[in-house]
Amino acid sequence: MAKKINNNAAFLVKFKECEQLIRQTYGDDKNFKWFEDKIKDDGEDQMSQKMYVCRVLRNYMSHNPDGGFFIDISDAMADFLDDVKTKISGDIKTCKDEMSVVRKFYTLHSTVSAIAVVLNKLPAVPIVDENKNIIAFCTDETIRYAVSNGAKAADEIALCKINQPASEVVAAVGDTYDSAMEKAEAMNKKIIFVADDRRLRGIINLK
């Protein structure tokens with residue numbers, strides 16, 4: 001029980017600190033909800049959604065007598081408000097801040113030769129659907145298989161030979177740059193593909 005009370009108390013204190021910092025940084029007429037909407041408008045949906053959850057829980061805890069016992073704030077949620085404070089201060093780098101925007105997209109209708117050219121620069125090429133959602137990745141192994149079997153377009157490559165998205169590092173636009181780098185290091189990858197949900201937005205080259 002002590003841990004829950006301590007977490008809940010810390011959460012409420014950190015939430016108040018976020019609101020104070022927002023007013024100090026952006027003006028007295030701004031609040032947590034305003035910053036939540038700003039983050040969403042900036043394309044960082046995941047962080048905005050987490051902020052929404054924090055705001056709803058904080059409001060319940062503040063305005064209901066049983067709020068401190070009915071809700072059990074996790075360590076992760078309490079720690080998340082530290083990320084929000086850093087974001088407000090502008091000290092935190094997100095993947096969106098560091099990525100190069102993707103201008104050219106490759107689909108199952110792209111030619112093997114076109115994909116092979118890109119593989120001279122990247123270790124993997126994202127294959128997207130009509131909505132630019134990542135569905136798979138082509139690698140050198142994929143292209144070698146395609147050429148040996150006479151394939152001329154990506155849709156002629158057996159899908160089992162196209163690596164699934166989990167084979168590469170895919171980070172959300174709102175993920176911190178440091179967390180994406182840690183994921184890349186753990187997977188021994190030099191490229192981070194940045195997506196909004198599954199929609200390809202950019203690339204971070206760690207070389």
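All of these numbers come straight from a predicted model, not from anything done at the bench. FYI, the numbering just counts along the sequence from 1.
The heavy-atom pair separating F105 from S110 by the smallest distance is O-OG, 4.4 Å. Smallest separation of non-hydrogen atoms from A184 and V169: CA-CG2, 3.7 Å. Shortest non-hydrogen contact noted between L12 and S62 is CD2-OG, 4.1 Å. Across all non-hydrogen atoms, the minimal contact from C18 to I88 is O-CD1, 3.7 Å. Across every non-hydrogen atom of N7 and S74, the tightest pair is ND2-C, 3.5 Å. Taking every heavy atom of both residues into account, F32 and I22 meet most closely at CA-CD1, 3.6 Å.
Between the NZ atom in K190 and the CD atom in E185 there is a gap of 7.5 Å [rounded to 0.5 Å]. Taken from CG in L57 to CD1 in I73, the straight-line distance is 5.0 Å, to the nearest 0.5 Å. Interatomic distance, C138 SG to L119 CG, rounded to the nearest 0.5 Å: 7.0 Å. Distance check: E130 CD to L108 CG gives 10.0 Å after rounding to the nearest 0.5 Å. Atoms CG and CD, from D175 and E182 in turn, are 11.5 Å apart once rounded to the nearest 0.5 Å. Expressed to the nearest 0.5 Å, how far CE of M47 lies from CZ of F80 amounts to 4.5 Å.
In this structure, the side chains of F11 and R58 come closer than 4.5 Å at one or more pairs of heavy atoms. Here the side chains of I204 and M181 are not in contact, with every heavy-atom distance at 4.5 Å or above. Looking at heavy atoms from C-beta onward, M99 lies out of side-chain contact with I192 at the 4.5 angstrom threshold. Put simply, the side chain of T86 does not reach to within 4.5 Å of the side chain of T176, judged on heavy atoms. Annotation: side chain of Y26 is in contact with side chain of K38 (closest heavy-atom distance under 4.5 Å). Side-chain contact between V128 and N133: absent, with no pair of heavy atoms (C-beta onward) separated by less than 4.5 Å. Contact check for F35 versus E19: no side-chain heavy atoms found under the 4.5 Å cut-off. With contacts defined as side-chain heavy-atom distances shorter than 4.5 Å, the pair V53/M77 qualifies.
Every residue meeting the side chain to side chain contact (heavy atoms under 4.5 Å, CB included) condition with V13, not counting sequence neighbours, appears here in chain and number order: E17. Taking D196 as the reference, R201 meet the salt bridge (Lys or Arg N to Asp or Glu O under 4.0 Å) condition, with sequence neighbours excluded.
One hydrophobic cluster holds both V101 and Y177 under the rule that ILVMFWY side chains link at heavy-atom gaps under 4.5 Å. By the rule that hydrophobic residues join a cluster once side-chain heavy atoms approach within less than 4.5 Å of another member, F15 and F70 end up as members of one cluster.
Put simply, the side chain of N8 gets close to the backbone of I71: a donor and an acceptor are under 3.5 Å apart. Side chain of T139 to main chain of A124: no donor-acceptor pair is present (N/O by atom type, distance under 3.5 Å, no hydrogens or angles). Proximity of a side-chain donor or acceptor of D197 to a complementary backbone N or O of R199 within less than 3.5 Å is not detected. Here the side chain of D97 pairs a donor or acceptor atom with the backbone of T94 at under 3.5 angstrom.
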Next item on the list: For I143 and V125, run side-chain contact (heavy atoms from CB on, under 4.5 Å): C-alpha distance rounded to whole Å, both residues' side-chain angles, the deciding distance at 0.1 Å, then the answer.
Entry: CA-CA 11 Å; I143 295 301; V125 175; over 6 Å; no
Check: Given R198 and V170, is the side-chain contact (heavy atoms from CB on, under 4.5 Å) satisfied, shown in steps?
Finding: CA-CA 9 Å; R198 289 171 49 228; V170 180; over 6 Å; no
Note to self: Between I127 and I115, is the side-chain contact (heavy atoms from CB on, under 4.5 Å) condition met? List the steps.
What the structure shows: CA-CA 9 Å; I127 304 299; I115 295 172; 4.0 Å; yes
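Surrounding CG of D41 are more than 12 heavy atoms belonging to other residues, nucleotides or ligands, all under 6.0 Å away. The number of heavy-atom neighbours closer than 6.0 Å to OH of Y52, taken from other residues, nucleotides and ligands shown, is 12 or below. For K40, the NZ atom sits in a loose shell: 12 or fewer heavy atoms of surrounding residues, nucleotides or ligands are nearer than 6.0 Å.
A salt bridge links D82 to K85: at least one charged side-chain nitrogen sits closer than 4.0 Å to a carboxylate oxygen. Electrostatic pairing of K87 and D83 does not count as a salt bridge here, judged by no charged N lying under 4.0 Å from a carboxylate O.
Sorted by first then second residue, the ring pair (Phe, Tyr, Trp, His ring centres under 6.0 Å) pairs that include residues 186-206, not counting sequence neighbours, are F137-F193.
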